[in-house]
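This report concerns only the one structure given below.
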Amino acid sequence: MLRTLLAVAMIAAAPAMAFAEGDVKKGKKVFRKCKACHAVGEKAKHRVGPILNGIVGAKAGAGEGYKYSDAMTGSGLTWDEATLSEFLTKPKEKVPGTKMIFGGLKKEKQRNDLIAYLKTFKADGTAAE
């Protein structure tokens, strides 16, 4: 029984461990693909897509000052690392009806790097510690 519990705990922890390997500098480069629609940082403003400051841990569709799709506000998602990675793989599959037109990032390493970069921004756009 103990072995089974340990195995389940290790399997559940594996996705979280994978995200710890994201490279912030590489993630900043990956974010170039996002910049046409999104912004981060202290002076960020909404564009076609919402500001992504503080996105990791935030409730989907709840950022102030942006008109999200009904699909996003009704998704019930919280943007933890695993959910962000799933969404970034195939946005329209994860949230059918989303306004996001980006086709997705197929490479897990790029998604991990991007998420590591996004984690460096607190909700107010300042650097996370």
Side-chain angles (χ1 to χ4, degrees):
M1 178 74 159
L2 182 57
R3 284 184 185 175
T4 303
L5 289 173
L6 287 173
V8 170
M10 288 178 71
I11 291 168
M17 286 188 270
F19 293 110
E21 298 174 16
D23 183 304
V24 173
K25 287 183 182 181
K26 290 180 180 177
K28 185 175 182 179
K29 289 180 183 177
V30 175
F31 187 74
R32 291 178 188 162
K33 296 178 181 188
C34 312
K35 287 176 84 169
C37 299
H38 298 281
V40 291
E42 292 182 64
K43 296 181 181 180
K45 294 186 183 337
H46 294 299
R47 295 183 179 168
V48 173
I51 296 168
L52 297 179
N53 293 334
I55 193 71
V56 180
K59 183 174 170 32
E64 291 184 28
Y66 184 79
K67 175 80 170 113
Y68 293 91
S69 66
D70 291 340
M72 189 60 72
T73 57
S75 71
L77 298 174
T78 297
W79 296 125
D80 60 22
E81 294 168 339
T83 304
L84 269 170
S85 184
E86 289 174 27
F87 181 74
L88 291 169
T89 302
K90 293 184 177 179
K92 291 193 176 288
E93 193 172 291
K94 181 67 177 172
V95 181
T98 181
K99 293 193 300 187
M100 188 156 146
I101 59 171
F102 183 67
L105 293 171
K106 305 307 177 215
K107 296 180 181 176
E108 182 179 14
K109 179 72 173 124
Q110 286 185 330
R111 293 190 310 271
N112 291 347
D113 293 343
L114 177 59
I115 292 166
Y117 175 67
L118 292 173
K119 286 174 66 175
T120 66
F121 296 95
K122 294 192 289 188
D124 64 1
T126 59
E129 298 174 13

Test side-chain contact (heavy atoms from CB on, under 4.5 Å) applied to I101 and V48, step by step = CA-CA 10 Å; I101 59 171; V48 173; over 6 Å; no
key: Residue that, paired with T89, satisfies side-chain hydrogen bond (donor to acceptor under 3.5 Å, both in side chains) out of R111, K107, K94   = R111
remark   = Rounded to the nearest 0.5 angstrom, the CG-CD distance for L118 and E81 is 10.5 Å
message = Are more than 12 heavy atoms, taken from residues, nucleotides or ligands other than K45, located less than 6.0 Å from that residue's NZ atom?
response = no
query = Under the side-chain hydrogen bond (donor to acceptor under 3.5 Å, both in side chains) rule, what pairs show up with a residue in residues 60-80, not counting sequence neighbours?
reply = D80-T83
ask   = Looking only at atom types and distance, does a side-chain atom of K92 sit under 3.5 Å from a main-chain N or O of T98, one as donor and one as acceptor?
value = yes
query = Any donor-acceptor pair under 3.5 Å linking the side chain of D113 with the backbone of D23?
reply = yes
message = Other residues, nucleotides and ligands only: do more than 12 of their heavy atoms fall within 6.0 Å of NZ on K26?
response = no
inquiry  = Please report the interatomic distance OG1(T120) to CG(N53), rounded to the nearest 0.5 Å.
reply    = 9.0 Å
message = With clusters defined by side-chain heavy atoms of hydrophobic residues (ILVMFWY) lying less than 4.5 Å apart, directly or transitively, does L84 cluster with I51?
response = no
ask   = If you look at every heavy atom in G104 and P91, which pair is closest and at what distance?
value = CA-CD, 3.9 Å
remark   = dist L114:CG -> K109:NZ (nearest 0.5 Å) comes out at 11.5 Å
Distance-only donor-acceptor hits, side chain of residues 32-43, under 3.5 Å, sequence neighbours excluded:
from : atom 1 : to  : atom 2 : distance (Å)
H38  : ND1    : P50 : O      : 2.8

inquiry  = Could you go through F121 and I55, starting from their C-alpha distance and side-chain angles, then the distance that decides it, and tell me whether this counts as side-chain contact (heavy atoms from CB on, under 4.5 Å)?
reply    = CA-CA 8 Å; F121 296 95; I55 193 71; over 6 Å; no
inquiry  = To the closest 0.5 Å, what do you measure between NZ (K106) and CG (L88)?
reply    = 10.5 Å
task = Take atom NZ of K28 as the centre, draw a 6.0 Å sphere, and report whether it contains more than 12 heavy atoms from other residues, nucleotides or ligands.
result = no
